[in-house]
Every structure is written in C-alpha cells, then in structure tokens.
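Here the structure is laid out as structure tokens; the discussion comes afterwards.
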Amino acid sequence: SQQGEEDPQALSIQEGENATMNCSYKTSINNLQWYRQNSGRGLVHLILIRSNEREKHSGRLRVTLDTSKKSSSLLITASRAADTASYFCASQLNNDMRFGAGTRLTVKP
Amino acid sequence: NAGVMQNPRHLVRRRGQEARLRCSPMKGHSHVYWYRQLPEEGLKFMVYLQKENIIDESGMPKERFSAEFPKEGPSILRIQQVVRGDSAAYFCASSPTGAGTGELFFGEGSRLTVL
C-alpha cells in the first residue's frame, strides 16, 4: 500500500509561530502533494513536489522531499488563525494516489 | 468554470436501503476518483475511473459497492443494502489527465448517515 503517514497527528501553536508537519510513504513515487481540509469541506491542493525535487516554496509554504528516507515535510511560516485545518500528504505513483491520516493543526489567535 | 460537483451533500438511509452518490467532474476532466473518509481520519482510496472504464477498484469492498462513469452523465458510487458501518463522507476528485501528473480537484463530499 502507498498509504502515507503524517506526524504529529495534532499540532497546536500560537499565531505567528511556524508549523511543521511530516509525512512518510512506503514506495516509489512520481510526486508528493499536500492538501488542506477545513472541517466539513473538501480537500484543497496546496503544493506538489516531484520526485526529482528536494525543496519547493509557495508563499508561506515550504515543502521538502527526501526520497532516500521516503519522507516529506510541510512548513507553514508565520501561521495565522485561518491556517487552522487538517493537512494531508498524498503520495502519487502512476494511477495510484494515496493519502495519509493527516495532521490537525490549530492556530490560536 | 464550475468545480467538482457532488450530490447529495447529505444523505440519510436506513439499514438495507440503497445509497447513490453522484459526482460531476470539472469540465474537461475525464478521470474520477472516489475516496471515503471516516470522522477524524484520512481519505481511503476506493476506485479510479475513466470514461466508461474502471481503472483501479482495489479499494472498493467486493460486495455491495459499485461505481460507474458513463460516457454521458456523472460518475455514480452505489452502495446496496447499506449498513451502519457505511456511514462516512464520500469524496470525489477529478483530474484532466491520469494520476501521476498533477493535482486532484475535490468536491465538497457526500455525507452518508445510515440509521
């Protein structure tokens, strides 16, 4: 199974702090993606990093990928209360895309 | 350009009834994925379809569950003889190309409650 795993399962920080979430996966990938889900809503794509990339930035988001360790991290800098959500990594190989259990981030104002 | 549309958003069924969940992908998208999510958990892959073809149904229970994506009309996830354990949120996602090449676009989900 491609199923990824995130840690921590839950993270609570103060507004302005940075939030780091980690993800591990099991097999080879074409790319790894991060998604965000607000409570009761669908998933929204945040960022995609290809297997031959090591780091990628998008606004306040920074993603790293270590294919030797089969792991990725998502860093959200200068967090805001509006960043409160669940964050999922998804590992993709050809037609197969599998999600981890997610990290529930709470940013306190 | 409308996003992925799922309906119904909420569905209540009694044990033994049938549930039909519909998904209209984004315009121009011919690849559809169905996922299931239990409360406080991640998404579990169920099935991947292209128009008129099931590409990967390895995540679907062998009994009572079926999916289709006809040439015309939405993709449908059908659950026969529902049981309480089927209560979950079912998400549909679409992409313009096959998996491995980019992001998936998700609908808002259909929340099934089995009484």
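Looking at Tyr35(A), its side chain does come within 3.5 Å of a backbone N or O of Leu104(B) through a donor-acceptor pair.
Annotation for Glu18(B): atom CD counts as buried by contact number, over 12 foreign heavy atoms lying within 6.0 Å. Shown here is Arg54(A), whose CZ atom has more than 12 heavy atoms of other residues, nucleotides or ligands within 6.0 Å. Within a 6.0 Å sphere centred on CD of Gln81(B), other residues, nucleotides and ligands contribute 12 heavy atoms or fewer. For Arg15(B), the CZ atom counts as loosely surrounded, since its 6.0 Å shell holds 12 or fewer non-hydrogen atoms of other residues, nucleotides or ligands.
Cluster annotation: Ile76(A) and Val63(A) are assigned to the same hydrophobic cluster (Ile/Leu/Val/Met/Phe/Trp/Tyr, side-chain heavy-atom contacts under 4.5 Å, transitive). Met46(B) and Phe105(B) fall into different hydrophobic clusters, where Ile, Leu, Val, Met, Phe, Trp and Tyr are joined by side-chain heavy atoms under 4.5 Å apart, directly or via other members. Following chains of ILVMFWY side-chain contacts shorter than 4.5 Å, one can reach Val82(B) starting from Val47(B), so the two form part of one hydrophobic cluster. One hydrophobic cluster, built from ILVMFWY side chains closer than 4.5 Å, cannot hold both Ile76(B) and Phe106(B); they sit in different ones. Under a hydrophobic clustering in which Ile, Leu, Val, Met, Phe, Trp and Tyr are joined whenever their side-chain heavy atoms come within less than 4.5 Å, directly or via other members, Leu49(B) and Tyr90(B) fall into the same cluster.
To the nearest 0.5 Å, atom OG of residue Ser95(B) and atom NE2 of residue His45(A) are 11.5 Å apart. Taking CE of Met97(A) as the start and NE2 of His31(B) as the end, the distance is 14.0 Å to the nearest 0.5 Å.
Applying a 4.5 Å heavy-atom cutoff, the residues of residues 108-115 of chain B that approach chain A are Glu108(B), Arg111(B). Using a 4.5 Å heavy-atom cut-off against chain A, the contacting residues of residues 52-72 of chain B are Ile55(B), Asp56(B), Ser58(B).
Ring centroid separation for the pair Phe45(B) and Phe99(A) does not come in under the 6.0 Å cut-off.
Counting heavy atoms from C-beta outward, Leu43(A) and Tyr35(B) have side chains that stay 4.5 Å or more apart. When side chains are defined from C-beta on, Gln37(B) counts as touching Gln37(A), because their heavy atoms get closer than 4.5 Å.
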